[in-house]
Amino acid sequence: MSFSTRILCIGAGYVGGPTMAVIADRCPHVKVTVTDINAPRIAAWNSTDLPIYEPGLDEVVQRARGRNLFFTTDVAAGIREADIIFVSVNTPTKEFGQGAGRAADLQWWEKTARQILANAGRSKIVVEKSTLPVRTAAAMSRILNSNGSGMRFQVLSNPEFLAEGTAVQDLEEPDRVLIGSEETEDGLAARKQLVDIYATWVPRDRIIESNVWSAELSKLTANAFLAQRISSINAMSALCEMTEADVDEVARAIGADSRIGPKFLRSSVGFGGSCFRKDILNLCYIAESYGLTEVAAYWEAVVKMNEWQQTRFVRNMLANMFNTVAGKRIALFGFAFKADTGDTRESPADAVTRALIEEHANVVITDPKALPNARLDLQDVGQLLAFEEDPYKAAEGAHAIAIMTEWAEYRSLDFRRIYDAMEKPAFVFDGRNILNHRALFELGFNVFPIGKMALKHF
Ligand code: NAD
Ligand code: UGA
């Protein structure tokens, strides 16, 4: 079969895998190859047991794999063949040297640039899919174009806005696709090639074009604004608990204002996920590097509020369980950073687990999808920890349950059965406000939601 365009994606993770699967599914005329240095990950993409869980992803991969979607570890061959190379490698927070704990660690990014240069053989379009500090495209372009090879590379910024758990839906029907390029003749031509691919299934008015720097900075800004909404409502949740206001009622009232809007106002034990914290800290680092200390401090407060909310949650547990959880079994329902994913990166459940273990609690973790990752994340934590697939077994003999992830199945559990099997007094700390608090209270539980008055029998 002959293809009109050959795309390579370097990095077969949470972004590279689903994004490329949807492009291949929607564009049968385009050959899409996804490559990674992680061989087991590629093997999993080629199997029936995909390396990540996303609703709808299995079907998309099955339709396209072997037709115009391929997964391989041969990065060099992939680079040689491609017309357009997406780079979707990890860009975590730097853990060493200058900017440690804040700046983005660009070592994988830079290695990829050099790999492309070594294997390209001809001019190509390179697309930044990873989230990167603003002006990274300039560095990429310099590495690729200052080598006297005669090849010319156009670097585009096409940040990804998908959320985990809804990745396939977000990719199939995005609110917008953003494509930034140099505003030169070659840059605009490269931009058009990418626009044409997305326009196969995305309405044209949802494809936003901009210069490269706006595209790069828009990604960091979007994540900062989203996280800010959560920290804002979480800040109000603490005040609600003091004043008998109900945070869900407040969220509903303010969300009805069309200027504010109803989404992303769910108060919680805190936001998690691989990106909000890292991207905001990176934004702070960039602002500081331009001498904008007030800008950095403003955004850093969003992260600090999130940390405080997690600490506050544990402090609340402790205070209400007679100031000691030592030797008490506590069941954490959910370990994923949100529902419908097995991803546990930066999950608030991790911080809560560690704080409870420090208090010598016996923590048992249950989760429908995230137990394998939970086990890996908590490898360093000792004997006070157990994992249990079945939430009913997890709750047996527990003094308290804490809801850490908003899995739909937790709403329909038989809480009478759970209550009967627990130590008394039995506590529920609902870190996601998903349960029927009044009904639980009537069963005998002492109930502690977020941002609402507690319902206590004593
Ligand atoms: P990930 O860690 O799941 O995947 C990255 C992959 O890149 C890994 O499998 C790694 O082995 C591979 N890799 C690293 N260096 C490589 C190299 N030189 N050659 C080949 N493969 C290489 O990360 P992710 O969650 O997919 O995130 C990727 C980027 O997308 C990050 O910049 C992130 O901020 C951004 N992003 C993530 C999400 C999300 O929901 N996870 C959403 C939007 C944007
Ligand atoms: C987020 C953004 O929503 C995506 O647009 C972005 O592409 C992605 O980060 C990224 O750059 O990685 P994601 O982290 O997958 O996506 O999931 P979200 O739905 O944003 O949830 C993040 C965290 O906030 C979760 O822990 C979630 O439970 C929490 N959250 C979300 C709340 O506590 N309250 C809310 O109202 C919404």
Side-chain angles (χ1 to χ4, degrees), residues 8-20 34-42 44-45 51-52 54 72-76 78-79 86-93 104-116 128-133 136 158-167 170-171 174-176 219-220 222-227 229-234 237 247 251 255 262-280 282 306 309-310 334 336-341 343-349 404-406 431-434 450:
L8 173 74
C9 177
I10 304 181
Y14 285 88
V15 169
T19 311
M20 292 302 126
V34 190
T35 181
D36 204 293
I37 41 175
N38 182 336
R41 210 166 205 185
I42 289 296
W45 280 112
I52 62 174
E54 276 295 337
T72 170
T73 49
D74 194 345
V75 183
I79 293 172
F86 284 77
V87 185
S88 184
V89 300
N90 33 326
T91 52
T93 303
D105 188 344
L106 297 177
Q107 58 173 306
W108 292 276
W109 179 259
E110 150 122 32
K111 273 183 202 134
T112 315
R114 293 185 188 283
Q115 250 175 329
I116 293 174
E128 295 178 345
K129 193 44 127 173
S130 301
T131 303
L132 292 159
T136 303
N158 170 221
E160 185 47 60
F161 297 103
L162 69 79
E164 288 177 31
T166 52
D170 294 344
L171 289 163
D175 285 350
R176 79 318 206 170
K219 173 64 196 175
L220 295 180
N223 275 0
F225 270 58
L226 289 169
R229 281 175 76 92
I230 304 169
S231 278
S232 298
I233 200 70
N234 281 345
S237 76
V247 75
K263 293 185 181 166
F264 252 70
L265 288 177
R266 268 183 293 111
S267 187
S268 67
V269 56
F271 61 74
S274 62
C275 294
F276 280 172
R277 182 186 155 82
K278 115 175 138 62
D279 291 348
I280 293 173
N282 183 218
N306 194 52
Q309 184 77 343
Q310 295 172 33
F337 81 96
K338 63 185 281 195
D340 293 324
T341 176
D343 194 353
T344 59
R345 292 179 288 179
E346 298 285 342
S347 177
M404 293 286 100
T405 311
E406 68 281 22
R432 298 289 182 169
N433 282 346
I434 56 167
I450 300 265

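First listed ligand is number 1; within each ligand, the first listed atom is number 1. Counting begins at 1 with the first residue of the sequence. These numbers were taken from a predicted model, which means no experiment stands behind them.
At the top of the distance list for atom 36 (O) of ligand 2, counting protein heavy atoms only, stands R266 N, 2.8 Å. At the top of the distance list for atom 31 (C) of ligand 2, counting protein heavy atoms only, stands I230 CD1, 3.5 Å. What sits closest to atom 9 (O) of ligand 2 on the protein, heavy atoms only, is F276 CE2, 3.6 Å.
Under 4.0 angstrom from ligand 1, the non-hydrogen atoms of L162 come from both its backbone and its side chain. When non-hydrogen atoms are compared, ligand 1 lies under 4.0 Å from the side chain of I10 (C-beta onward) but not from its backbone. Contacts with ligand 2 closer than 4.0 Å are made by no heavy atom of K263, backbone or side chain. At a 4.0 Å heavy-atom cut-off, ligand 1 touches C275 through the side chain alone. When heavy-atom distances to ligand 1 are checked against a 4.0 Å cut-off, T112 comes that close only through its side chain, counted from C-beta outward. Contacts of E128 with ligand 1, taken as heavy-atom pairs under 4.0 Å, are absent altogether. Residue-level proximity to ligand 2 for N223 is carried by the side chain, the only part with a heavy atom below 4.0 angstrom. Both the backbone and the side chain of A163 come within 4.0 Å of ligand 2, counting heavy atoms alone.
Considering both main-chain and side-chain atoms, W108 never comes within under 3.5 Å of ligand 1 through any nitrogen or oxygen pair. Considering both main-chain and side-chain atoms, K219 comes within under 3.5 Å of ligand 2 through a nitrogen or oxygen pair. Of the polar atoms of T91, at least one N or O is found under 3.5 Å from an N or O of ligand 1, judged by distance alone. Considering backbone and side-chain N/O of G273, none are found under 3.5 Å from N/O of ligand 2. Below 3.5 Å of separation, one finds no N or O of P348 facing any N or O of ligand 2. Considering backbone and side-chain atoms alike, G16 places every N or O at 3.5 Å or more from each N or O of ligand 1. Of the polar atoms of D36, at least one N or O is found under 3.5 Å from an N or O of ligand 1, judged by distance alone. Inclusion of T131 in the set of residues having an N or O under 3.5 Å from an N or O of ligand 1 is warranted. Some N or O of F161 is nearer than 3.5 Å to an N or O of ligand 2, by distance alone.
S130 places no side-chain N or O within 3.5 Å of a backbone atom of L132 that could act as its donor or acceptor partner. Under the 3.5 Å distance criterion, the side-chain polar atoms of T35 are matched with a main-chain donor or acceptor of T72. In this structure, the side chain of T91 does not engage the main chain of A104 through any donor-acceptor pair within 3.5 Å. Side-chain N or O atoms of E346 include none that pairs as donor or acceptor with a backbone N or O of C275 at under 3.5 Å. For K129 (side chain) and G16 (main-chain N/O), no donor-acceptor pair under 3.5 Å exists by modelled atom type. At distances below 3.5 Å, at least one donor-acceptor pair connects side-chain atoms of R432 with backbone N or O atoms of M404. Remark: the backbone N or O of S268 is paired with a side-chain donor or acceptor of N234 at under 3.5 angstrom. In terms of modelled atom types and a separation under 3.5 Å, the side chain of D36 and the main chain of A12 share a donor-acceptor contact. Distance alone, capped at 3.5 Å, places no donor-acceptor pair between the T341 side chain and the G165 backbone.
When the salt bridge (charged side-chain N to carboxylate O under 4.0 Å, His left out) test is applied to R114, the partners found at least two apart in sequence or on another chain are E110.
Under a 4.0 Å criterion applied to the non-hydrogen atoms of E164, ligand 1 contributes the atoms 39 (C), 40 (O), 41 (N). Of all atoms in ligand 2, numbered sequentially from 1 with element shown, those under 4.0 Å from a heavy atom of L265 are 36 (O). Proximity to E160 (heavy-atom distance under 4.0 Å) selects the following atoms of ligand 2: 7 (O). Which parts of ligand 2 touch S268 is read off a 4.0 Å heavy-atom cut-off, strictly below it: atoms 32 (C), 33 (O).
Counting only non-hydrogen atoms, the option in K338, R432, E406 that gets closest to atom 18 (P) of ligand 2 is K338. Closest to atom 7 (O) of ligand 1 by heavy atom, among G17, G13, C9, G11, is G11. Of the listed options R345, E54, E160, K278, E160 places a heavy atom closest to atom 43 (C) of ligand 1. When the heavy atoms of Y14, F264, F271, F337 are ranked by distance to atom 14 (O) of ligand 2, first place goes to F337. The nearest non-hydrogen atom to atom 6 (C) of ligand 2, considering only D170, L220, T405, L162, comes from L162.
Of the charged side-chain nitrogens involved, none lies within less than 4.0 Å of a carboxylate oxygen, so that K219 and E128 do not count as a salt-bridged pair.
Residue contacts with ligand 1: K111 is excluded, as none of its non-hydrogen atoms falls under 4.0 Å.
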